Trainee: 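Would you mind keeping the following structure in view while I ask a few things?
Not measured: the values here are computed from a predicted model. In what follows, residues are counted from 1 in the order of the sequence shown.
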Amino acid sequence: MLMRATDKTTKDKHEKDKKKKPKLLNKFDKSIKVELDAAEKLRKKGKSDEAVKAFEELVKKYPQSPRARYGKAQSEDDLAEKMRSNEMLQKAVSTYEEVASVPNVPSDLVKLALKRRANRQQFLGRTRSSLITLQKLVQRFPEDISIRNDLGVGYLLLGDNDNAKKVYEEVLSMAPTDGFAKVHYGFILKAQNHIAESIPYLKEGLESGDAGTDDGRFYFHLGDAMQRVGNPEAYKWYEAGHKRGHFASVWQRSLYNVNGLKAQPWWTSRETGYVDLIKALEKNWKVIRDEGLAMMDPTKGLFLPEDENLREKGDWSQYTLWQQGRKNENACKSAPKTCALLERFPESTGCRRGQIKYSVMHPGTHVWPHTGPTNCRLRMHLGLVIPKEGCRIRCANDTRSWEEGKVLIFDDSFEHEVWQDAHDFRLIFIVDVWHPELTMQQRRTLPAI
């Protein structure tokens, strides 16, 4: 009971701290407040050029003023956004750092300046520099939970899950009810394949409603973890994620989407508009099959095991020819006829949100229910070697089987699941294509996934 009371007290304190208005003026800055307010008024009116000049004049006139430097940094930041200039943004990054080095700078102003500096460094892709800024902040304000939470995110952006995990363990020892730390800690546990352990952290973090917890990734991974341990509450959380606007539907749970695209689990050849590609694949399926079989010699080691932790059990390997719209020249040397055939179809070879690959699955394999990352592609499966019984794929609530020489087409942003219970291997050829409703402009400009 004492622990719960302590937790509540800690949370109340953090809530109170959040509501406090930050103190940005030291004694000197209060004496020049009229001049600072005049420059700030220009910035708030969107007159970024004039604001930069006004604050520059104040910095020259009053070099001991931290608030003038902070206004200059904010104005440079605003101007960088207006001009879309990384060079100007770098000036802002430098000025934010200057704020913290001025004598008698208020603590709240240090926090605001360095937090924004770290954020802008991340935006510029300087993740390591951002991490150094956050580490300095933690050293300066060791009791500030929000800064530690930001540091954890910094480590995650670098792919350093181990250090991020340590940070969130520290946060949860200091503030056991902090929802932001909980969802991120659960996210890391899930990534480390501690599925059951991740569930309470993700669940309690989302239930907290704390800032930064309402994120589709956390609904996605909580539902996925629950599915893997057989917890029927998974779909309740998918429904909650859908209601919050993170998922297009309970079944379609991709997170990198273009709104308004036609959404259905299974597609016909005619519906895709890619009839020529599908005909070419089906006409040449034996050529594609034979090149795939020639590469399956285990001594060659060409097929690589699936590495996204999608298997509950079994043996599933792949051989990739195109990835994110880029051709693997070395891989295509082993499948020259297949690659030459595909070169005629840029809707697939140019699909930066997909792959083209062989997929071999051996008996006793089960692939967990999962969804792809984006609604911007459709996935084609060409059957190459298909046992008569035991191989099936479910997309949404419709289960189908492959046929040799035939193409199955589905939208993998919908939940799908695979079983291989046959007595021999199953070999298919996977070809991703742009969603047919995407414009040519969207296909050129959408970032790769």
Side-chain angles (χ1 to χ4, degrees), residues 266-269 272 274-307 310-311 314-323 326-351 354-367 377-395 399-410 412 416 418-433:
W266 294 97
W267 289 63
T268 66
S269 172
T272 69
Y274 298 131
V275 175
D276 290 345
L277 167 60
I278 293 159
K279 282 182 178 176
L281 290 171
E282 292 184 341
K283 181 181 177 183
N284 294 279
W285 77 274
K286 289 183 179 177
V287 172
I288 298 168
R289 177 198 64 190
D290 292 347
E291 287 192 328
L293 289 171
M295 292 185 289
M296 276 182 58
D297 181 347
T299 60
K300 293 180 181 177
L302 296 176
F303 277 74
L304 300 175
E306 176 273 323
D307 62 359
L310 297 176
R311 280 170 292 166
D315 184 345
W316 175 25
S317 297
Q318 300 171 344
Y319 185 80
T320 303
L321 303 176
W322 268 267
Q323 177 82 17
R326 293 192 300 270
K327 182 181 180 182
N328 185 328
E329 297 289 350
N330 283 334
C332 276
K333 287 175 184 174
S334 299
K337 293 176 183 175
T338 299
C339 289
L341 171 70
L342 285 158
E343 293 277 17
R344 292 161 36 200
F345 301 100
E347 61 266 35
S348 178
T349 57
C351 181
Q355 303 102 41
I356 301 173
K357 58 191 177 184
Y358 287 93
S359 170
V360 62
M361 193 174 284
H362 293 277
T365 300
H366 172 234
V367 178
R377 72 185 186 205
L378 300 179
R379 177 155 283 189
M380 299 182 180
H381 280 187
L382 173 65
L384 300 178
V385 178
I386 310 298
K388 286 185 179 177
E389 293 180 355
C391 294
R392 62 197 193 280
I393 177 171
R394 172 182 67 81
C395 187
T399 302
R400 302 189 182 185
S401 298
W402 297 271
E403 291 180 52
E404 291 182 356
K406 298 294 179 185
V407 169
L408 272 181
I409 311 159
F410 66 103
D412 76 324
H416 53 290
V418 179
W419 297 265
Q420 214 290 42
D421 299 319
H423 296 294
D424 206 349
F425 70 88
R426 180 226 67 181
L427 179 65
I428 62 170
F429 189 57
I430 298 173
V431 179
D432 289 337
V433 291

Trainee: Among Leu277, Ile288, Val407, which one satisfies side chain to side chain contact (heavy atoms under 4.5 Å, CB included) with Glu282?
Mentor: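 One option only clears the test, and that one is Val407.
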
Trainee: Run the side chain to side chain contact (heavy atoms under 4.5 Å, CB included) test on Arg377 and Gln355 for me, step by step, so that the C-alpha distance in whole Å, both residues' side-chain angles and the decisive distance to 0.1 Å come before the verdict.
Mentor: CA-CA 10 Å; Arg377 72 185 186 205; Gln355 303 102 41; 3.9 Å; yes

Trainee: Which atom names give the shortest non-hydrogen contact between Leu384 and Trp285, and what distance separates them?
Mentor: O-CZ3, 3.4 Å

Trainee: Of the non-hydrogen atoms in Leu408 and Trp402, which two are nearest, and what is the gap between them?
Mentor: CD1-CD1, 3.7 Å

Trainee: Ala335 and Leu321: which non-hydrogen atoms are nearest, and at how many Å?
Mentor: CB-CD2, 4.3 Å

Trainee: Would you say that Arg400 contacts Phe410 through its side chain, given a criterion of any heavy-atom pair below 4.5 Å between the two side chains?
Mentor: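 A side-chain contact is absent here, since even the closest heavy-atom pair is not under 4.5 Å.
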
Trainee: Assess the residue pair Ile393 and His381 against the criterion (side chain to side chain contact (heavy atoms under 4.5 Å, CB included)); give the C-alpha distance rounded to whole Å, side-chain angles, the decisive distance to 0.1 Å, and a yes or no.
Mentor: CA-CA 11 Å; Ile393 177 171; His381 280 187; 4.1 Å; yes

Trainee: Are the side chain of Gln420 and the backbone N or O of Ala422 linked by a donor-acceptor pair below 3.5 Å?
Mentor: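 Checking the backbone N and O of Ala422 against the side chain of Gln420, a donor-acceptor pair under 3.5 Å is found.
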
Trainee: Parallel, tilted or perpendicular: which fits the ring planes of Trp419 and His366, with parallel below 30° and perpendicular above 60°?
Mentor: parallel

Trainee: Does Glu343 have more than 12 heavy atoms from other residues, nucleotides or ligands lying within 6.0 Å of its CD?
Mentor: yes

Trainee: Could you measure the distance from the NZ atom of Lys406 to the OG atom of Ser401? Nearest 0.5 Å is fine.
Mentor: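 Going from NZ on Lys406 over to OG on Ser401, the span is 15.5 Å.
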
Trainee: What pair of heavy atoms forms the shortest contact from His416 to Asp412, and how long is it?
Mentor: CE1-O, 3.3 Å

Trainee: Does Ile386 offer a backbone N or O that forms a donor-acceptor pair with the side chain of Glu404 under 3.5 Å?
Mentor: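 Here the side-chain-to-backbone pair exists.
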
Trainee: Supply the atom-to-atom distance Leu281 CG to Leu341 CG, rounded to the nearest 0.5 angstrom.
Mentor: 6.0 Å

Trainee: Is there a side-chain contact between Glu306 and Val367 (heavy atoms, below 4.5 Å)?
Mentor: no

Trainee: Which pair of heavy atoms, one from Asn330 and one from Tyr319, lies closest together, and at what distance?
Mentor: O-OH, 4.3 Å

Trainee: Using 0.5 Å steps for rounding, measure from the CG atom of Asp307 to the CH2 atom of Trp316.
Mentor: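 One finds 9.5 Å between CG of Asp307 and CH2 of Trp316.
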
Trainee: Is the shortest side-chain heavy-atom distance between Thr338 and Phe429 below 4.5 Å?
Mentor: yes

Trainee: Can you tell me how far the OG1 atom of Thr320 sits from the CD1 atom of Ile430, to the nearest 0.5 Å?
Mentor: 8.5 Å

Trainee: Taking the side chain as everything from C-beta on, heavy atoms only, tell me whether Trp322 gets closer than 4.5 Å to Lys327.
Mentor: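 Yes, close enough: below the 4.5 Å cut-off.
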
Trainee: Do Ile409 and Tyr274 have side chains that approach each other closer than 4.5 Å (heavy atoms only, starting at C-beta)?
Mentor: no

Trainee: What's the verdict on side chain to side chain contact (heavy atoms under 4.5 Å, CB included) for Leu427 and Leu293, showing C-alpha distance, side-chain angles and the deciding distance?
Mentor: CA-CA 9 Å; Leu427 179 65; Leu293 289 171; 4.1 Å; yes

Trainee: Could you tell me the separation between the OG1 atom of Thr349 and the CZ atom of Arg326, rounded to the nearest 0.5 Å?
Mentor: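 The CZ atom of Arg326 is 13.5 Å from OG1 of Thr349, to the nearest 0.5 Å.
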
Trainee: Closer than 3.5 angstrom, by distance alone: can the side chain of Tyr358 be matched with the main-chain N or O of Glu291 as a donor-acceptor pair?
Mentor: no

Trainee: Out of curiosity, Glu329 CD to Cys339 SG, how far, rounded to the nearest 0.5 Å?
Mentor: 8.5 Å

Trainee: Is it the case that the side chains of Ser359 and Arg426 hold a donor-acceptor pair, with the cut-off being a distance below 3.5 Å and no angle test?
Mentor: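 Indeed, the side chains of Arg426 and Ser359 share at least one donor-acceptor pair under 3.5 Å.
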
Trainee: Tell me, do Thr365 and Val418 make a side-chain contact under 4.5 Å, heavy atoms counted?
Mentor: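 When only atoms from C-beta onward are counted, Val418 and Thr365 do not touch, as no gap falls below 4.5 Å.
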
Trainee: Is any NZ, NE, NH1 or NH2 atom of the basic residue among Asp421 and Arg392 found under 4.0 Å from an Asp or Glu carboxylate oxygen of the other?
Mentor: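 Yes, charged N to carboxylate O under 4.0 Å.
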
Trainee: When you measure from the side chain of Ser348 to the backbone N and O of Val433, does any donor-acceptor pair fall under 3.5 Å?
Mentor: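 No: the side chain of Ser348 does not pair with the backbone of Val433.
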
